[in-house]
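Worksheet for the structure shown next.
Each chain gets a letter, A, B and so on, in the order its sequence line appears, and its residues count up from 1.
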Protein chains: 2
Amino acid sequence: MSLKHLILALVATRQSTGYEITKELDEVAGFFWRATHQQVYRELGDLAETGLLRFREVEQNGKPDKKVYAITAKGRKAFEAWFLEPTDPPRGADPLMIKFFAAELVGIDELRKQLANARAGHEAMLAAYEAIEAQHYAEPMRKMPRWKQLIFMTLRLGMARERAWLEWADESEKALRA
Amino acid sequence: MSLKHLILALVATRQSTGYEITKELDEVAGFFWRATHQQVYRELGDLAETGLLRFREVEQNGKPDKKVYAITAKGRKAFEAWFLEPTDPPRGADPLMIKFFAAELVGIDELRKQLANARAGHEAMLAAYEAIEAQHYAEPMRKMPRWKQLIFMTLRLGMARERAWLEWADESEKALRA
DNA sequence: TATAGATATGCAACTGTATGCATATGGAAG
DNA sequence: CTTCCATATGCATACAGTTGCATATCTATA
């Protein structure tokens, strides 16, 4: 139940609407977590129903009305309790590995094509991360405020992952050529 | 729908039972894919119902009876079609990153503890992979038969992932000490 | 003879994620 | 004046994965 807690954290930092949360998640999308607006609105509903968040409806002119969510004392407590729990490890399941496992049934040539396509995807991902780094995290880490350091570290993990994948792909392509 | 296709691949390589498939998945567990026996039996049922697998019941003495599954022509075709499709990229979501994102709400000390715990988990995972490598993949890759090379490559990806994570953790621990 | 463990199979309920569909306001551009 | 885009919210369905529970055979060990 991680998305619930991510939303809780976002709202704890700054009260906001489903729309805003969705956009914030889109911006950290990929290097960290993904969620659709449908998911976000549903979790907000659940969170409000269980008393971890509360909301007020705000009328706007020039734009549709909105619901602004804020965290409750109960919500803050629940988040802290979750934070202190042991974190379950990510299950790094890559469907491409199934194709490796089964490649001889279809042919190594086809596997090579699959690997090349996957490589393109990972290269694009890494390029996107590097662009974000160049735009927003160019200054040395020790000069950033803590909150920015922390988000930068999540980006760094994304980059480390992609670089490791690409190195593995080099090694594998070489072995498959033989 | 990757588990379905992994099972299809396993059965295509060698006809087998739910029990055997579960054990095979347990052995490659972690560095590749995870599934419970309940999941396996359910997928086998679905696969047989849609005609991608067929099974015969085999009576045993000294052991409970079993169902041996084999792939059908339709199953083989479905698998090949899936193989040729573009692979969707793994969604690398790590719940620990949520704790990074939200660490200032709870305290950097608690984050450090979380990071240390997660590190222990990843170190154990890497050690397990390295043990498998030493036991089963000690010979040079070019001397292995193709099928073994391919499985070894999936193990190598698991190791690359863990090593990248640990390097990232070093970097992050250093930054958090400052 | 009781009990634990390996072999063998499965249902039911729940949680989490993904996908498709639906609606509404108001500004900007063609 | 129509269509597109940003803003704003949500339901319903399906699929995938997790957890708890249940059953049965036979061997080996205490």
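- In summary, the side chains of B/Arg146 and B/Gln149 do present a donor paired with an acceptor at a separation below 3.5 Å, with no hydrogens or angles considered.
- For the pair A/Glu85 and B/Lys99, the salt-bridge criterion is not met [side-chain N within less than 4.0 Å of a carboxylate O].
- Across the protein-nucleic acid pair, A/Asn61 atom CG and C/dA24 atom C1' stand 16 Å apart, rounded to whole Å.
- Counting non-hydrogen atoms of neighbouring residues, nucleotides and ligands closer than 6.0 angstrom, the CD atom of A/Glu139 exceeds 12 such neighbours.
- Looking at heavy-atom distances under 4.0 Å, B/Ser2 makes no contact with the nucleic acid at all.
- In this structure, CD of B/Glu43 is placed 10 Å from C1' of D/dG17, rounded to the nearest angstrom.
- Within the nucleic acid shown, A/Gln39 comes within 4.0 Å of sugar-phosphate atoms alone, with no base atom in reach, counting heavy atoms only.
- Within a 6.0 Å radius of CD in A/Glu59, no more than 12 heavy atoms belonging to other residues, nucleotides or ligands are found.
- Regarding A/Asp88, its CG atom lies at a distance of 16 Å from the P atom of C/dT15, rounded to whole Å.
- The existence of a salt bridge linking B/Arg119 and B/Asp170 is confirmed by a sub-4.0 Å separation between a basic side-chain nitrogen and an acidic carboxylate oxygen.
- Within a 6.0 Å radius of NZ in A/Lys148, more than 12 heavy atoms belonging to other residues, nucleotides or ligands are found.
- In this structure, A/Asp46 places its CG atom 14 Å from C1' of C/dT17, rounding to the nearest Å.
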- Task: Assign a letter to each nucleotide of nucleotides 8-13 of chain C from its 5' end: B, base within under 4.0 Å of a protein heavy atom; S, sugar-phosphate only; -, no contact.
- Result: BBBB--

